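What follows is a short report on a single structure.
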Amino acid sequence: MAGADLGALETELLGEIASAADLAGIEQVRVAALGKKGRVSELMATLGKMAPDERKSFGAAINQVKTKVSDALDARKALLDKAATAAKLAAERADVTLPVRPGPMGEGRIHPVSQVFDEIAEIFADMGFRIAEGPDIETDDLNFTRLNIPPEHPARQMHDTFYLKTPGTSLTGEKAPFVLRTHTSPVQIRTMMNQKPPIRIIAPGRVYRMDSDATHTPMFHQIEGLVIDETTHFGHMKWCLEEFCKAFFEVDQVKMRFRASHFPFTEPSAEVDVGAEAIGKPGQWLEILGCGMVHPKVIANCGLDPEKYQGWAFGMGLDRITMLKYGIPDLRDMFNADLRWLRHYGFSAFDVPTLAGGMST
Ligand code: PHE
């Protein structure tokens, strides 16, 4: 091949490279020129049949073309790469300083009970509690018997229990009637049976009792607390509950009254009232929870040694304190799924309660 032809080939290839529009195009040109069967490579293969002198000069000329083409390919590829990245960045650009667009997240409302649960979880998490859960359908064994409420105990009637038609199986394998749990206390049992002390949990959830009027709904919410270790005592419980009330009602001082009471699963037991000045109604007391030292029989019922372990528990009505804190007048409205009510009393999904940022924002 003559030098002029080589020059023409070089011009042609450089032209193709310059007009390659994208990375795939560049690759095509590369294969056609420098690939195994490429035009430059094939020229190289002809060198073997040439006379030594001719081979020397022609070989150098081809090598020059090869280097030029290869450099041009690299340069063009780098340019196209850069352009592709720039185009991608431009297309995916997001202005994070823009306000949130009105949309499902902005429109939707968090139910006050969910919001209050988040607030409570935040407060107790700060004191080292974890969250535990149990099912809404329990056997009467967990809901009652292991909590030291034997069959025929009047507390079973007091709880106005919903029984299920089909019997279930208790944790230890025997047949036992299924009930809709009447309180969150069975989560105490589940936790003590499955976890080694020290235990510090809160357990929120739905509970059910056959009851319906202005202050009672057949389904309502409780939050259970349980602390078990070798030394914790009634004084720790009082402190914890007082700290909780101050954080929850967002006040520096809160008046609390522990009234002696009775629960089969705690001894001694108390019911706790808070002074209603915390919610702007001085002079009144509001009952918010039941509590007490976990009964040694209950500890033993869960396979723990009551000589070694002791602890305390409380059960709080979530709906009640939600109504108190946010001035909601009628309990039944809480569960009517009325959008107008939810828009009025509900919370934005962005109002996440934190101890630092504020509970009720
Ligand atoms: N489970 C009790 C109730 O529903 C409340 C409670 C829980 C009392 C834990 C003492 C300890 O009324």
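We count ligands from 1, going down the list as the structure has it; atoms in each ligand are counted the same way. Since the structure is predicted, the reported quantities are computational estimates derived from the model, not experimental observations.
The shortest side-chain heavy-atom distance between Y309 and E230 falls under the 4.5 Å cut-off. The closest side-chain heavy-atom distance from F220 to L331 is not below 4.5 Å. Two residues are said to be in side-chain contact when any heavy atoms from C-beta on lie closer than 4.5 Å; D333 and I328 fail this criterion. Between Q115 and P353 the shortest side-chain heavy-atom distance falls below 4.5 Å. Contact check for F144 versus T182: side-chain heavy atoms found under the 4.5 Å cut-off.
Contacts with ligand 1 closer than 4.0 Å are made by side-chain heavy atoms of R209 only, the backbone lying farther away. Of all the heavy atoms of S185, the ones lying under 4.0 Å from any atom of ligand 1 belong exclusively to the side chain. Counting heavy atoms closer than 4.0 Å to ligand 1, residue F314 contributes backbone atoms (N, CA, C, O) but none from C-beta onward.
Residue contacts with ligand 1: T266 is placed with no nitrogen or oxygen under 3.5 Å of a nitrogen or oxygen of the ligand (distance criterion only). Any N or O atom pair closer than 3.5 Å counts here, and Q188 shares no such pair with ligand 1. Of the N or O atoms in T182, none lie within a sub-3.5 Å distance of an N or O in ligand 1. Looking at E224 next to ligand 1, no N or O pair under 3.5 Å apart turns up.
Using the six-membered ring where Trp is involved, Y345 and W341 have ring planes that are tilted, between 30° and 60° apart.
Using a 4.0 Å cut-off to heavy atoms of C291, the atoms of ligand 1 that qualify are 8 (C), 10 (C), 11 (C). Atoms of ligand 1 lying under 4.0 Å from at least one heavy atom of Q222, given by number and element, are 3 (C), 4 (O).
A donor atom on one side chain and an acceptor atom on the other are not found under 3.5 Å apart for E122 and T354.
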(request) Take K325 and E250 through the salt bridge (Lys or Arg N to Asp or Glu O under 4.0 Å) test and state the conclusion after the steps. (result) CA-CA 10 Å; K325 183 165 178 180; E250 299 171 271; 3.4 Å; yes
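Using a 4.0 Å cutoff on heavy atoms, M316 does not count as a contact of ligand 1. Distances from ligand 1 to the non-hydrogen atoms of F265 include at least one value under 4.0 Å.
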